[in-house]
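Structure, as structure tokens:
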2 protein chains.
Amino acid sequence: MKDIKPKLISLFKKGYCTPQIARIAKKIKEPSTTIHYNIKKLEEEAIKTYKAVFDYNQIGEGHCTFLLVNLKEEKYGQPEEIAEEIAKSERIESVDIVTGEYELLIKLRSEDIDDYYAWIKEAIKKYNFAKTISLTSLKQLKTEFVEI
Amino acid sequence: MKDIKPKLISLFKKGYCTPQIARIAKKIKEPSTTIHYNIKKLEEEAIKTYKAVFDYNQIGEGHCTFLLVNLKEEKYGQPEEIAEEIAKSERIESVDIVTGEYELLIKLRSEDIDDYYAWIKEAIKKYNFAKTISLTSLKQLKTEFVEI
DNA sequence: ATAAATACTTGAATATTATACGAATAATGA
DNA sequence: TCATTATTCGTATAATATTCAAGTATTTAT
């Protein structure tokens with residue numbers, strides 16, 4: 001037993017996938033070389049990566065939370081720095097700087113609520129958040145444009 | 001000119017991609033047949049699909065909004081039905097039933113604020129939302145686990 | 001503790017698929 | 001209109017995935 005699956009999951013979260021040119025060519029009834037050409041162009045312009053979407057319950061990341069954050073005054077004017085730092089973690093699905101009452105909106109995945117609590121305690125300390133609101137997902141119907 | 005790119009974008013949002021077995025095999029230094037075997041297992045258990053992640057500014061979906069929704073009383077108890085209906089649209093990135101003040105949290109992408117306004121007006125009418133709060137993304141640092 | 005069943009690993013052979021190339025056609029711009 | 005650039009697409013080739021079969025490890029039941 002080599003325990004390859006965790007490594008695959010980690011790689012597939014960010015990339016290591018590629019388009020199925022032959023299948024697309026069949027689907028839209030065009031020559032595969034034409035599809036190939038168009039995909040390469042699109043990759044230059046607009047495609048960041050190809051990746052897997054998981055049934056997160058099955059990989060121990062079934063607990064999903066949206067976190068609204070107020071930064072402390074000294075960081076209020078330049079939220080990007082903190083946002084970039086937060087974005088680096090593998091459990092963070094998205095980070096946005098948003099309009100309204102809060103500065104940041106973070107979507108993250110954890111194993112369970114205990115795991116989440118450990119993370120948020122650590123994050124409040126580390127990033128010196130002024131205030132946070134956690135919206136816990138009770139049911140996920142769609143994620144990353146994929147219905148689950 | 002066959003205008004193939006829009007079709008590709010639509011297909012790539014949900015699938016039509018596949019893992020790069022040879023590349024992964026090289027990366028984690030295992031035989032490609034072993035990688036193949038493990039991926040097939042993982043697909044049965046936990047992988048929903050393989051898809052592309054876009055630079056959404058480049059495909060006319062740069063405007064991103066998180067929408068908090070209160071449903072009308074008659075729908076408050078069974079939000080799933082509406083949530084599933086909302087999830088079907090291609091511009092919807094995620095739909096969650098959440099804890100707290102609001103019942104639904106929807107993440108969606110539009111071309112610009114006018115496009116968004118048209119959508120939200122229509123949605124309020126169609127789904128009979130009681131109240132909504134829109135959090136507009138000013139800057140997206142990470143989406144779908146991919147830094148952008 | 002042992003045997004049987006099941007799951008995982010792997011190399012060799014084969015089938016599929018992506019990519020490179022070149023020629024033809026179409027679109028763009030001056 | 002003519003020249004330049006972008007796109008289409010068939011053929012040939014290179015790369016890759018998949019099948020198969022055999023061996024090894026792990027788990028399960030008794």
Side-chain angles (χ1 to χ4, degrees), chain A residues 1-62 90 111-112 144-148, chain B residues 1-62 90 111-112 144-148:
Chain A
M1 257 279 268
K2 295 198 155 184
D3 215 27
I4 286 169
K5 281 177 194 165
K7 291 174 191 167
L8 292 178
I9 290 168
S10 182
L11 293 177
F12 283 154
K13 260 196 198 164
K14 291 175 157 252
Y16 286 89
C17 299
T18 194
Q20 294 181 292
I21 295 175
R23 192 174 154 216
I24 294 164
K26 201 169 291 177
K27 170 83 175 176
I28 54 185
K29 298 191 180 69
E30 297 289 352
S32 71
T33 47
T34 301
I35 299 301
H36 182 267
Y37 175 86
N38 277 276
I39 288 175
K40 292 303 146 190
K41 283 270 140 177
L42 199 56
E43 286 175 358
E44 285 169 20
E45 294 163 8
I47 292 177
K48 299 292 290 182
T49 193
Y50 303 99
K51 55 155 287 180
V53 176
F54 296 95
D55 181 338
Y56 292 97
N57 290 310
Q58 300 298 313
I59 62 167
E61 298 186 18
E90 218 181 87
E111 182 157 5
D112 53 37
E144 299 160 85
F145 295 102
V146 177
E147 290 172 60
I148 53 175
Chain B
M1 256 281 267
K2 296 199 156 185
D3 214 26
I4 286 168
K5 281 178 196 165
K7 291 173 191 167
L8 293 178
I9 291 168
S10 182
L11 293 178
F12 282 153
K13 261 195 197 165
K14 290 172 157 261
Y16 286 89
C17 298
T18 192
Q20 293 182 294
I21 295 176
R23 192 173 153 217
I24 294 164
K26 200 171 291 178
K27 170 82 176 176
I28 55 186
K29 297 191 181 69
E30 298 287 350
S32 71
T33 47
T34 302
I35 299 302
H36 183 266
Y37 176 86
N38 278 275
I39 288 175
K40 291 304 147 189
K41 283 271 139 174
L42 198 57
E43 285 175 359
E44 285 169 21
E45 295 162 9
I47 293 176
K48 301 291 291 182
T49 195
Y50 303 99
K51 56 155 287 180
V53 177
F54 297 95
D55 181 337
Y56 292 96
N57 290 311
Q58 300 298 314
I59 61 167
E61 299 185 19
E90 219 181 86
E111 183 157 4
D112 52 39
E144 300 160 84
F145 294 102
V146 178
E147 288 171 61
I148 53 176

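All values reported here derive from a predicted model rather than from experimental measurement. Note on naming: letters A, B, ... go to the chains in the order of the sequence lines (proteins, then strands), and numbering restarts at 1 for each one.
Atom OG in B/Ser10 sits 9.5 Å away from atom OH in B/Tyr16 (nearest 0.5 Å). Atom CD1 of A/Ile47 is separated from atom CG of B/Leu8 by 7.5 Å, given to the nearest 0.5 angstrom. Atom-to-atom distance recorded for A/Gln58:CD and A/Ile9:CD1 is 10.0 Å, nearest 0.5 angstrom.
For D/dA6, neither phosphate oxygen OP1 nor OP2 lies less than 4.0 angstrom from any side-chain nitrogen or oxygen of A/Lys41. Note on B/Lys2: a side-chain N or O is less than 4.0 Å away from OP1 or OP2 of D/dC9.
Counting only N and O atoms by type, the side chains of B/Tyr50 and B/Gln20 include no donor and acceptor under 3.5 Å apart.
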Any chance you could lay out the side-chain contact (heavy atoms from CB on, under 4.5 Å) test for B/Ile148 and B/Tyr56, step after step, and finish with the verdict?
CA-CA 9 Å; B/Ile148 53 176; B/Tyr56 292 96; 5.5 Å; no
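Looking at A/Ile28 and A/Ile24, their side chains come closer than 4.5 Å, going by heavy atoms from C-beta outward.
Ranked by how close their nearest DNA chain C nucleotide is to the 5' end, A/Lys5 and B/Met1 are led by A/Lys5.
Over its full length, the helix from C/dA1-D/dT30 to C/dA30-D/dT1 turns its helical axis through 60°, comparing axes from the five pairs at each end and rounding to 10°.
Taking a cutoff of 4.0 Å between a charged side-chain nitrogen and a carboxylate oxygen, B/Glu30 and A/Lys7 do not qualify as a salt bridge. Under the 4.0 Å criterion applied to side-chain N and carboxylate O atoms, A/Lys51 and A/Glu144 are assigned as salt-bridge partners.
Protein chain B touches strand DNA chain C; the 5'-most and 3'-most nucleotides with an atom under 4.0 angstrom of its non-hydrogen atoms are C/dA7 to C/dA27.
More than 12 heavy-atom neighbours from other residues, nucleotides or ligands sit within 6.0 angstrom of NZ on A/Lys40.
Only A/Pro19, A/Gln20, A/Ile21, A/Ala22, A/Thr33, A/His36, A/Lys40, listed by number, bring a heavy atom of residues 10-40 of chain A to less than 4.0 angstrom from any atom of DNA chain C.
In this structure, A/Gly62 and A/Asn57 approach most closely via the heavy-atom pair CA-OD1, 3.4 Å.
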